[in-house]
Undergrad: 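Please see the structure below; I have some questions.
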Amino acid sequence: MTRAAKRAAHAPSAADKFARRVLAVVTRIPPGRVCTYGDVAAMAGAPGAARAVGNVLAQARLAGVPYHRVIAAAGRLGGYSDLSTKRALLAAEGLDVTRAAVRRFEQVRWPGRRPR
DNA sequence: CCGATGACCACCT
DNA sequence: CAGGTGGCCATCG
């Protein structure tokens, strides 16, 4: 189809672009590792937009994206459609999860923060 | 353009 | 350690 038609079909809004970048980053987080909303924001090219990242994840419905690997600062769990599920998923990946946080957070944080 | 919203964040009580 | 406060940011109406 023509370029004009293509653009008319689905014009890539600025909003979608931001969301795409955020989801792209989240998809790269390996199992057993986690990132904070702030980390994702920075990696997505929008340092300081941690809150905006939360908004994206809260709306995203794409499959194959490990949303549960994105937690709040200091290893606290943060939000999720169902917190008990988030805990279960993280625990299933070998993480030590307490009522409201991931233990040894700095050691499972991704990308590696030069441990030791 | 402005104000409201939210899966945040740092800081202070 | 539980709450409250002010600030930040992208989106949406």
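Residue numbers begin at 1 in each chain, while the letters A, B, ... track the order of the sequences.
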Undergrad: Between A/His68 and A/Ala74, which has a closest nucleotide on DNA chain B that is more 5'?
TA: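 Of the two residues, A/His68 wins.
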
Undergrad: Expressed as a whole number of angstroms, how long is the span from A/Asp82:CG to B/dA7:C1'?
TA: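 So the two atoms are 12 Å apart, to the nearest Å.
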
Undergrad: Are the side chains of A/Val56 and A/Tyr37 in touch, meaning some heavy atoms are under 4.5 Å apart?
TA: no

Undergrad: Any chance you could measure A/Gln107, atom CD, to A/Arg33, atom CZ, to the nearest 0.5 Å?
TA: 10.0 Å

Undergrad: Check A/Ile71, A/Val102, A/Asp96, A/Leu90 against A/Val108 for a side-chain contact (heavy atoms from CB on, under 4.5 Å) and give me the one that passes.
TA: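 Answer after filtering A/Ile71, A/Val102, A/Asp96, A/Leu90: A/Val102.
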
Undergrad: Look at all strands and tell whether A/Arg69 reaches a base, only sugar-phosphate, or nothing, counting heavy atoms closer than 4.0 Å.
TA: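 No contact at all - A/Arg69 keeps every heavy atom at 4.0 Å or more from the nucleic acid.
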
Undergrad: Can you pull every protein N or O that's under 3.5 Å from an N or O on nucleotides 11-13 of chain B?
TA:
none

Undergrad: Do A/Ser81 and A/Lys86 touch side chain to side chain, with heavy atoms closer than 4.5 Å?
TA: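 When only atoms from C-beta onward are counted, A/Lys86 and A/Ser81 do not touch, as no gap falls below 4.5 Å.
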
Undergrad: Using whole Å, what does the distance between atom C1' of nucleotide B/dA7 and atom NZ of A/Lys86 come to?
TA: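 The answer, rounded to whole Å, is 6 Å.
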
Undergrad: Under 4.0 Å between any heavy atoms, over every strand shown, what does A/Ala58 touch: base, sugar-phosphate, or nothing? Just pick one.
TA: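 Counting heavy atoms under 4.0 Å across all strands, the contact made by A/Ala58 includes a base.
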
Undergrad: Indicate for each nucleotide in nucleotides 5-13 of chain C, in 5' to 3' sequence, whether protein heavy atoms under 4.0 Å reach the base (B), only the sugar-phosphate (S), or nothing (-).
TA: --BBBSSS-

Undergrad: Decide side-chain contact (heavy atoms from CB on, under 4.5 Å) for A/Arg87 and A/Tyr80; before the verdict, give the C-alpha distance in whole Å, the side-chain angles of both, and the deciding distance to 0.1 Å.
TA: CA-CA 10 Å; A/Arg87 277 193 291 268; A/Tyr80 202 75; over 6 Å; no

Undergrad: Any side-chain heavy atom of A/Val25 sitting closer than 4.5 Å to one from A/Arg21?
TA: no

Undergrad: Confirm from the modelled atom types if A/Tyr37 and B/dA7 form a donor-acceptor pair under 3.5 Å, side chain to base only.
TA: yes

Undergrad: Can you check whether A/Leu95 reaches A/Phe105 side chain to side chain, under 4.5 Å on heavy atoms?
TA: no

Undergrad: Quick check: do A/Thr36 and A/Arg109 have side-chain heavy atoms less than 4.5 Å from each other?
TA: yes

Undergrad: What is the separation between atom CG on A/Leu89 and atom P on B/dA7, rounded to the nearest whole Å?
TA: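 Distance, rounded to whole Å: 18 Å.
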
Undergrad: Could you state the atom-to-atom distance from CD of A/Gln59 to C1' of B/dT5 in whole Å?
TA: 11 Å

Undergrad: Going by heavy atoms in the side chains, are A/Thr98 and A/Arg103 under 4.5 Å from each other?
TA: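 Of all side-chain heavy-atom pairs linking A/Arg103 with A/Thr98, at least one is under 4.5 Å.
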
